[in-house]
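Please read through the structure below; I'll follow up with questions.
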Amino acid sequence: MSDSPLSRRSFIKAVPMVGTILLAACAAPPAPTPTAQPKPAAPAPTTAPAPAPTTAPAAAPTTAPAKPTTAPAAAPTTVPAAAKPASGTVATIRVNYRIGDKPEVFEKAWPKFMQDNPDIKIVGEPISFGAYDEYFAKLASMMAADNLGDVVWVSAGSGPFMSQVFKGFFRPLDDLIAATNYDLNVFYAGAMEGLKYEGKLYALPSDFHPGNQLMVYNKKMFDAAGVKYPTDDWTFDQFNDIAAKLTKRTGDKVDVFGYAPNLQAPSYEILVRANGGSSISADAKKSAVKDDPAKTAFLWLFDAMYNHKFATRKQDQPKGGDELFFAEQAAIVTSGTGIVFNGPPRIGGKFQMGGVRTPVGKGGKHGGMIHIGGTAIYAKTKFPEQAFKVNAMLTSAENALTRALEYGGYIPRKDLFESPVVREKGGQPWQVVLDASADPNLKPYFTPYNFRTSEMQSVIDQTTDGWWTGNKTFDAGLDELDTALNVVLAKPR
Amino acid sequence: MTTMALTPAKRTKMTRGRRQAIAGYLWIMPWLIGFLGFGLIPTVTAFGLSLTKYDIITTPIFIGIDNYLYAVQTDPLFWRSLGVTLYYVGASVPLGIIGSLALALLLNMKKPGTATYRTFFFLPNLTPVVAMAILFTWILNPQFGPLNYLLGLVGIPSIPWLGSTQWAIPSLLIMALWSGLGGSRMVIFLAGLQSVPSELHEAAEVDGAGRWHRFRHVTLPLISPTMFFNMVLAIIGTLRVFEVSYLTTLGGPNYATWFYMLHLYQAAFRDFDMGYASALAVILFIITLVLTYIQLQLSNRWVYYEGEARNN
């Protein structure tokens, strides 16, 4: 037995204590107290004086960049200079954003902005978007540690943004917008809707695309089959005829599919909306997949696979239809807008690609869908005016053009989408994307009442696979989808 | 006038034993801190969080065992994911153990070029799982994949692989076996095989035992501890299967590859339901513990420890 005064027992007692002290020392301050009500935090107290008079010099130049472009008209995007946080001091505004691969584009306008606004220092904190979840998990951790940036990139609809708004982690921007006469009319209305909660705006729109409503087609196949290219007003019946004509078979084996659909929840919603409805009820608390608009949409896709047999099933395209399209084994494909630019190099001159919107449905219009990201302001920022000024710069006409041309991210500004420089960036399919973006009927993807968007999408994707793998009859699959969706929607907030 | 006598401060002399104890503890301190910070404390915390409703960003609310009750009574995906995982474990572990042992037996033959073969067989194990997933998504593509092409040459019709509920798990098994057969499990078997005394084989051969009988009655009993070790690790590792499904099928199609860990991950990092995810983690911990205990109990019947026999 050791007579050492430092016994094993005392050492084992001491180590956790030391470890705990070390961990505590490394830990960030405690998380903010939860808010039981959907009561966004009021602007944090700031020592800054009231915003400076609007006669203050504009923060950033609104003229077009030096590049010989016909840049968007200089809309009144700049915010009058906010007053300094305290005499002689500089407000440090931390910006959390998802763009990890080209931060230099996102940050390009910052040096000039800081030169024009010496009272503001921007510190960029790019966070890897990873496989989708990484960014949001990191943000949540930062919220828990009360370490969130002042300006934060968020995703409406797919990420947990609305839930975080509900819990009071972001502040509404309405007072800052009113105080600075910031003109929101430069943005598309649908994009703004995606960033609102209970009528208040919680982020300025910073990323936008009209999702999977674009269909691209192989012009060579249309020409060979003697089929005219579809026009914007085509219907689902016309689609069926065209897709059937483009399908090529050897016996029972399909060599070329007329259509490769996208088999994911947001794409279904486009079809449902074309029929004038939605997959969930108006109060976002119950499934509506058994209602006529949704049922018609799903049945159309089901028939396309199993009755008309011109559409690919899950087993034909487990990772999406793009590869089949590039390999000339599918004539029409529903893909994201990315195919407009990444498609031609993959096609390699084998054929020309045309674009058209999803057909007009029973609702008499296209099924609209937009994916929207924005830049929000942390509820506990010490410098809300300065943060808003940075936010306005991030979504300004100049920054929008830079990002669109050098990165491929599109801020939903009307002037950007109407800019000849942007319009000339792509061919005919790109024009379809731009025109679709201007559709006043566009709506963002819905958010359930309990904010469980991700869970809901997963349930829709997995359950509908029962149809697309041929394991479920239409009625059985619809019952299963309805039940599964209601289980998720019935969960608490 | 009085003078103050200056007495020298008494030096505390550290005993040799104490010095050695401090040195020893300091040497193991990095591991201990790591174990506490990244092992024990998070594990205990997870158990505590499993009794709460917790979304990371707000303070946990104590709800007792509600998360556990929800898992076993209400959540339809709990049992489904457990079933999918056990099916995968049931197929993957025996195939993996037998395959690795077969490879190790081949590579244990004293033939020219064996060292090169050992390297080649180990290489897939070094392939990052993301690269492997992308590679196999291509190989298993039902339309353009080389595997279906080769099967077509011998008259086997196209298999839908990852796009089918029936073939999705076998597809992931192919990936796992490609990556795992020649990995560390094979190396451990190889080490076990090389520790089998050659004189026992020679004696058996003299007694007229053929290859199969030598393997069955000499090799197998002597490597049974190695096999037991590999089996315990394989079951624990396979219960945690996650990456391949996340990267290739996202649990689909129609929940065919919705593994338990994927369900846990979904609850934690997509639904931000950390309390429930912690409960799922605790349940998995208990399942792993029970399975390992059962294996330990069963090992008395088939694992042969040479040293024990000698002592007895």
- Value rounded to 0.5 Å, distance of CD1 in B:I57 from CD in A:Q164: 5.0 Å
- Message: Quick check on A:K472 against chain B: is it the side chain, the backbone, both or neither that has a heavy atom closer than 4.5 Å?
- Response: side chain
- Kindly give the heavy-atom pair with the smallest separation between A:Q315 and B:P160, and that separation in Å. CB-CB, 3.2 Å
- A:D316 versus chain B, heavy atoms under 4.5 Å apart: side chain, backbone, both or neither? both
- Value for CG (B:L77) from CD (A:E455), rounded to nearest 0.5 Å, stands at 8.5 Å
- Okay, A:K491 and chain B: the region with an atom under 4.5 Å from a heavy atom over there is side chain
- Part of A:V488 lying under 4.5 Å from any heavy atom of chain B: neither
- Item | Portion of B:W258 that has a non-hydrogen atom of chain A nearer than 4.5 angstrom | side chain
- Query: About how many Å separate OG of A:S454 and CZ of B:F269, when rounded to the nearest 0.5 Å?
  - Reply: 13.0 Å
- Message: Tell me which of these, A:K314, A:E480, A:R452, A:M142, has more heavy-atom pairs under 4.5 Å with chain B than the rest.
- Response: A:K314
- Query: Atom CG in B:N141, atom CG in A:L324: separation rounded to 0.5 Å?
  - Reply: 7.0 Å
- Rounded distance (nearest 0.5 Å) linking atom CZ of B:R270 with atom CD of A:Q457: 7.5 Å
- Query: CD/A:Q329 to CZ/B:F144 distance, rounded to the nearest 0.5 angstrom?
  - Reply: 4.5 Å
- Closest heavy-atom pair and its distance - B:F272, A:A140: CE2-CB, 3.6 Å
- Any side-chain heavy atom of A:F451 sitting closer than 4.5 Å to one from B:D271? no
- Going by atom types alone, do B:T165 and A:N471 pair a side-chain donor with an acceptor below 3.5 Å? yes
- Message: Using a 6.0 Å cut-off, check whether atom OH of B:Y70 has over 12 heavy atoms from anything other than its own residue.
- Response: yes
- Task: State whether the number of non-hydrogen atoms from other residues, nucleotides or ligands found under 6.0 Å of B:I65 atom CD1 is greater than 12.
- Result: no
- Side chain, backbone, both or neither: which part of B:T248 has a non-hydrogen atom closer than 4.5 Å to chain A? backbone
- Message: Are there over 12 heavy-atom neighbours, none belonging to B:R19, within less than 6.0 Å of that residue's CZ?
- Response: yes
- Can you name the closest pair of heavy atoms from A:S458 and B:Q266 and give their distance? CB-NE2, 3.6 Å
- Task: Taking the side chain as every heavy atom from C-beta outward, state whether A:T463 and B:Y255 have any atom pair closer than 4.5 Å.
- Result: yes
- Message: Please classify the contact between B:Q166 and chain A as side chain, backbone, both or neither, with a heavy-atom cut-off of under 4.5 Å.
- Response: side chain
- Hey, is CZ on B:F62 packed in by over 12 heavy atoms from elsewhere, all under 6.0 Å? yes
- Message: Under 4.5 Å from any heavy atom of chain A, what part of B:F35 do you find: side chain, backbone, both or neither?
- Response: neither
- So, A:Q317 side chain and B:Q143 main chain: donor-acceptor pair closer than 3.5 Å or not? no
